[in-house]
J.: 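Quick one: the structure is below, questions incoming.
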2 protein chains.
Amino acid sequence: MDDLDRKIIDLLSADARRSLADIGGTVGLSPSSVNERIRRLTAAGAIRRFTVELDPAAMGLDTLVFVWIALREDADEAAFRRYAEAEPAILECHHVTGGWSYLMKIRVGETASIEGVLANLKGRKFLGRSETVIALSSPVAGAYVQKGEAEGG
Amino acid sequence: MDDLDRKIIDLLSADARRSLADIGGTVGLSPSSVNERIRRLTAAGAIRRFTVELDPAAMGLDTLVFVWIALREDADEAAFRRYAEAEPAILECHHVTGGWSYLMKIRVGETASIEGVLANLKGRKFLGRSETVIALSSPVAGAYVQKGEAEGG
DNA sequence: GTGGATATGGATGACCTTGACCGCAAAATC
DNA sequence: GATTTTGCGGTCAAGGTCATCCATATCCAC
């Protein structure tokens, strides 16, 4: 993982459809070399996958909420994790320090849908208490690992 | 945005490097039609960009923290947003309901680096009080909009 | 029936992939 | 210490795949 790899990753983050020749021209390598480096980065797991970044609003998911969860004392924690993994609305679920057990990031079409998720958690006997925080706006959103310096062009 | 569009988006989310012919074979369209739909989805903004999903650990960013922020009464809120946008460690920053003003998602190499970010916020006279929560593990992570049903194959 | 939007099919050119060859640096051998 | 060896990473060229574009056809709504 040297500077060239980082540059290539930055370029791919900005636009994963850039041609190898284009990337090579920018970083100073031949297309084959760029291809080989991308292959290595993917094999090593640094690049997990090629994907698309979507606009939540266009998908009809306007509401972003964070929910703090305290599990019940007798909750099956493994089952809770499996449920969180399977529930499409739950984008992230983190085991956190502090007074709560988990912090979940949830995206739904309307605030009412949050109730459904919470009801599910309650019905499955996971939920002790919870606290819901609604995101009114998001000045910064979308960076998954880190915002790079490279911009498409 | 019909079912075909959603299927195509699911497939692209799982693997954005699938060929148009491959996608077309799966959803029942010709490569040209798939291409046209992707073009339209991108033009409409539903697909923001083609990108790569990275492994934070491989990038040397092992620590994920959430920081609650209450701005100072006299803080320049627009300036705060600009700063949050520019700071690479700040992946997300949401204006939220409840007792705090903002919730920030931050990724750093080591816990000590969080102090640097907070010191910056304090130095720029943004910060009133803050509370930092560290993510110990993340049973669910990486979904940006919603976990689709489609899997690569 | 007409107009608009969407799908199809083929031609074309760009692109990725692969293999063989080269250069360099580090390690091993003499 | 000089030389050989070995392995990694790069370049180049060729072949096949793929995306793209355009003309045509089809479907749906009015």
Side-chain angles (χ1 to χ4, degrees), chain A residues 1-61 144-146 148-153, chain B residues 1-61 144-146 148-153:
Chain A
M1 171 75 73
D2 56 8
D3 273 345
L4 286 174
D5 283 336
R6 269 182 286 272
K7 264 192 205 169
I8 291 171
I9 282 180
D10 277 353
L11 292 171
L12 286 178
S13 291
D15 178 10
R17 286 208 292 193
R18 279 195 143 182
S19 74
L20 298 177
D22 195 357
I23 296 172
T26 304
V27 305
L29 282 178
S30 72
S32 306
S33 302
V34 175
N35 191 30
E36 174 62 14
R37 278 173 179 267
I38 292 175
R39 197 198 58 73
R40 260 198 308 260
L41 287 168
T42 306
I47 295 175
R48 285 205 184 127
R49 59 176 176 166
F50 284 69
T51 185
V52 287
E53 185 182 306
L54 302 171
D55 176 17
M59 309 290 291
L61 301 168
Y144 177 58
V145 167
Q146 190 163 311
E149 289 79 43
E151 279 303 312
Chain B
M1 172 75 75
D2 56 7
D3 273 344
L4 285 174
D5 283 336
R6 268 183 286 273
K7 264 191 204 171
I8 291 172
I9 283 180
D10 276 353
L11 292 171
L12 286 178
S13 291
D15 178 9
R17 286 207 292 191
R18 278 193 147 184
S19 73
L20 298 178
D22 194 357
I23 295 173
T26 304
V27 305
L29 282 179
S30 71
S32 304
S33 303
V34 175
N35 191 30
E36 174 60 15
R37 278 173 177 266
I38 292 175
R39 195 199 59 73
R40 229 179 310 151
L41 287 167
T42 307
I47 295 176
R48 286 208 184 123
R49 58 174 175 166
F50 284 70
T51 184
V52 288
E53 184 181 306
L54 303 171
D55 177 18
M59 309 291 290
L61 300 169
Y144 177 58
V145 167
Q146 188 163 312
E149 290 79 42
E151 280 301 314

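Every chain is numbered from 1 and lettered A, B, ... according to where its sequence line falls, protein lines coming before strand lines. Here the structure is a predicted model, which means the values were calculated and not measured. Because only heavy atoms are used, hydrogens play no part in the values below, and waters and symmetry mates are left out as well, while side chains stay in.
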J.: Whole Å only: how far is the CG atom of B/Leu29 from the P atom of C/dG9?
T.: 11 Å
J.: I want to verify a distance call: between C/dT17, D/dT11, D/dA19, whose nearest atom is closest to the B/Leu20 side chain?
T.: D/dA19
J.: Distance check, rounded to the nearest 0.5 Å: B/Asp5 atom CG versus A/Met59 atom CE?
T.: 9.5 Å
J.: What's the shortest heavy-atom distance between A/Pro31 and A/Ala21, and which atoms?
T.: CG-CA, 3.8 Å
J.: Rounding to a whole Å, what distance do you find between A/Asp5:CG and D/dG10:P?
T.: 9 Å
J.: Going by the rule side chain to side chain contact (heavy atoms under 4.5 Å, CB included), which residues pair with B/Arg48 if we only count those two or more places apart in sequence or in a different chain?
T.: A/Glu53, A/Asp55, A/Pro56, B/Tyr144
J.: Nearest-Å distance, CZ (A/Arg17) to P (C/dC16)?
T.: 12 Å
J.: In whole angstrom, give the distance that lies between atom CZ of B/Arg18 and atom P of D/dA19.
T.: 12 Å
J.: Reckon A/Ser33 has a side-chain N or O less than 4.0 Å from the OP1 or OP2 of D/dT11?
T.: yes
J.: Tabulated below should be each protein N or O lying under 3.5 Å from an N or O of nucleotides 27-30 of chain D; please produce it.
T.:
none

J.: Hey, can you pull the residues of residues 35-42 of chain A with a non-hydrogen atom under 4.0 angstrom from DNA chain C?
T.: A/Asn35
J.: With distance as the sole test, does A/Arg49 use its side chain to make a donor-acceptor pair with the main-chain N or O of B/Ser13 at under 3.5 Å?
T.: yes
J.: So which of B/Asp15, B/Ile8, B/Ile9 actually passes side-chain contact (heavy atoms from CB on, under 4.5 Å) with B/Leu12?
T.: B/Ile8
J.: Hey, what do you get for CG (B/Leu29) to OG1 (B/Thr26), rounding to the nearest 0.5 Å?
T.: 10.5 Å
J.: Is it true that A/Asp2 and A/Arg37 make a salt bridge, defined as a side-chain N closer than 4.0 Å to a carboxylate O?
T.: yes
J.: Sequence neighbours excluded, which residues qualify as side chain to side chain contact (heavy atoms under 4.5 Å, CB included) partners of A/Asp3?
T.: A/Arg6
J.: Could you state the interatomic distance from CD1 (B/Ile23) to CG (B/Asp10), rounded to the nearest 0.5 Å?
T.: 11.5 Å
J.: With each end axis built from five pairs of C1' atoms, what bend angle do you get for the helix from C/dG1-D/dC30 to C/dC30-D/dG1? Round to 10°.
T.: 30°
J.: Can you tell me how far apart CG (B/Leu41) and CD (B/Glu36) are? Round to the nearest 0.5 Å.
T.: 10.0 Å
J.: For the pair made of CG in B/Asp22 and C1' in D/dT17, what is the distance, rounded to whole Å?
T.: 13 Å
J.: A/Ser32 side chain: which of C/dT8, D/dA13, D/dC18 is closest?
T.: D/dA13
J.: For A/Ser30, which residues count as a side chain to side chain contact (heavy atoms under 4.5 Å, CB included) partner, sequence neighbours excluded?
T.: A/Ser32, A/Ser33
